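Structure first, then comments.
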Number of protein chains: 2
Amino acid sequence: MSRLEEIVDAAQRLLEDEGPGAVSMRRLAAELGIQAPSLYKHVDGKDRIEAELQERALTELAAALQPAADLRDLAHAYRQWALLHPRLYELTARRPLHRDQLRDGVETAASARLVALSGGDVDRARALWAAAHGLVDLELAHRFPEGADVQAAWDALVAAFDRVADREDGELDPLCRQP
Amino acid sequence: MSRLEEIVDAAQRLLEDEGPGAVSMRRLAAELGIQAPSLYKHVDGKDRIEAELQERALTELAAALQPAADLRDLAHAYRQWALLHPRLYELTARRPLHRDQLRDGVETAASARLVALSGGDVDRARALWAAAHGLVDLELAHRFPEGADVQAAWDALVAAFDRVADREDGELDPLCRQP
DNA sequence: ACCTGAACACCGTTCAAGT
DNA sequence: ACCTGAACACCGTTCAAGT
């Protein structure tokens with residue numbers, strides 16, 4: 001295991017266990033038993049460490065979404081992953097993506113399943129992606145009232161987009177059948 | 001104008017002009033021609049200043065959304081306000097809300113119009129709110145590809161929710177009419 | 001090749017002291 | 001009542017020096 005990997009591992013551990021405030025170069029160095037300036041022999045700076053964590057998060061998220069068979073599955077998998085790795089999700093979603101330091105394809109892999117399930121309509125895929133992100137973001141930030149039924153909001157979202165999908169696929173919409 | 005108001009004004013100016021990194025207690029004090037520790041005679045801490053800015057933002061956003069006549073209007077007003085005040089939006093949406101320091105009603109006022117236009121269905125209102133937030137959040141974070149048609153994504157979102165609304169209102173949905 | 005100590009330019013905040 | 005200077009416990013980062 002390279003020294004860089006050790007550093008990123010320690011960063012992930014600190015982030016997930018103690019929150020973003022704990023991920024400082026000095027704390028990180030202490031975790032490896034060295035001094036802070038020594039880190040710069042293995043990493044160009046803190047941004048690089050963040051980029052590495054963003055890449056790990058996107059790769060894991062992509063893997064979690066991959067098996068989804070429909071929008072409901074996808075929504076569920078998205079929410080579950082985010083709730084399991086809230087700090088990692090926040091780091092990846094709320095902060096600027098260090099795109100130049102991401103391996104090619106990592107970003108699109110995460111959205112591939114989504115685009116596929118949106119019938120190839122990129123605009124709808126983006127709206128859905130944003131909606132899922134928004135729901136997770138608001139939930140993680142504790143923006144919903146105390147007893148709010150977050151799952152019901154997800155259901156409402158999936159319902160809205162499912163119906164549109166049905167429509168544009170030309171499928172029969174049960175709500176359209178007249179008795 | 002109270003000293004507190006002067007401080008918050010300076011904070012808003014710094015935030016909007018130079019970004020969140022510029023809003024430090026030392027910089028803020030310099031802006032008022034005093035030393036940093038003196039600020040603590042007028043404010044309990046930096047969190048209080050942030051809470052004050054969040055309150056201003058929510059109040060302004062609520063006012064911007066108030067005249068919206070339909071979902072399309074609302075979506076447009078939401079996006080426009082966020083793009084006009086990106087730093088303020090980020091401060092309010094991405095960081096924990098200092099709820100205990102917000103005047104009562106400020107938060108619900110911002111969402112009142114949304115709930116009204118969702119036909120009173122809170123779950124749909126939350127999904128829509130989250131979707132709007134997500135679209136703005138991703139746009140501000142430059143998460144969409146270079147030439148992405150963000151407006152088209154908004155249109156897709158409004159379309160999805162408009163149709164559901166039509167349905168549940170029992171109105172005739174034009175796409176359901178058979179020739 | 002890897003690490004250290006000292007330093008630089010910053011943070012938010014506390015506190016005794018001054019007017 | 002309002003402000004200051006010095007201090008505390010932190011940041012990310014640089015750099016000459018050591019092994």
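This one's a predicted model, so the numbers in the text were calculated from it and none came from an experiment. So you know, we letter chains A, B, ... as the sequences are listed, proteins then strands, and number each from 1. All heavy atoms count here, side chains included; hydrogens, waters and symmetry mates do not.
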**Asked** Parallel, tilted or perpendicular for A:Tyr78 and A:Tyr89, by the 30°/60° rule?
**Response** perpendicular
**Prompt:** Any idea which heavy atoms bring B:Asp123 and A:Asp149 closest together, and the distance?
**Reply:** OD1-O, 4.0 Å
**Asked** Can you tell me how far P in C:dA9 sits from the matching atom in D:dA9, rounded to whole Å?
**Response** 22 Å
**Within one Ile-Leu-Val-Met-Phe-Trp-Tyr cluster: B:Leu84 and B:Leu135, side-chain cutoff 4.5 Å** = no
**Message:** Students should find this one: the first and last nucleotides of DNA chain D, 5' to 3', lying under 4.0 Å from a heavy atom of chain B. What are they?
**Reply:** D:dC3 to D:dA7
**Complete:** Secondary structure of DNA chain C per the Watson-Crick/G-U criterion (both distances under 3.5 Å; [ ] crossing, | other strand, . unpaired) is ||.|||||...|||||.||
**Prompt:** Between B:Arg124 and B:Gly119, which heavy-atom pair has the shortest distance, and what is it?
**Reply:** NH2-N, 4.3 Å
**Message:** Under 4.0 Å, heavy atoms only, any strand: does B:Arg26 hit a base, just the sugar-phosphate, or nothing?
**Reply:** base
**Complete:** Judged by nearest nucleotide, the residue sitting upstream toward the 5' end of DNA chain D, A:Pro37 or B:Ile34, is B:Ile34
Taking only distance into account, with no hydrogens and no angle test, what donor-acceptor pairs under 3.5 Å do side-chain atoms of residues 19-27 of chain B form with protein atoms, sequence neighbours excluded?
from: B:Ser24; atom 1: OG; to: B:Arg27; atom 2: N; distance (Å): 3.0
from: B:Arg27; atom 1: NH1; to: B:Glu31; atom 2: OE1; distance (Å): 2.9
from: B:Arg27; atom 1: NH2; to: B:Glu18; atom 2: OE1; distance (Å): 2.7
from: B:Arg27; atom 1: NH2; to: B:Glu18; atom 2: OE2; distance (Å): 2.7

**Prompt:** Using a cut-off of 4.0 Å on non-hydrogen atoms, how would the nucleic acid contact of B:Ser24 be classed: base, sugar-phosphate, or nothing?
**Reply:** sugar-phosphate
**Asked** Applying the side-chain contact (heavy atoms from CB on, under 4.5 Å) test to B:Arg3, which of B:Val43, B:Val8, B:Ile34, B:Leu39 qualifies?
**Response** B:Ile34
**Prompt:** NA contact type, A:Val43, heavy-atom cut-off 4.0 Å: base, sugar-phosphate, or nothing?
**Reply:** nothing
**Asked** Between A:Phe144 and B:Trp129, what is the ring plane arrangement, given parallel below 30°, perpendicular above 60°, and tilted in between?
**Response** perpendicular
**Message:** Judged by each residue's nearest nucleotide on DNA chain D, which is more toward the 5′ side, B:Gly33 or A:Ser38?
**Reply:** B:Gly33
**Message:** Base, sugar-phosphate or nothing for A:Lys41? Non-hydrogen atoms, less than 4.0 Å.
**Reply:** base
**Request:** State plainly whether the residues B:Arg56 and B:Glu52 are in salt-bridge range, i.e. N to O under 4.0 Å.
**Result:** no
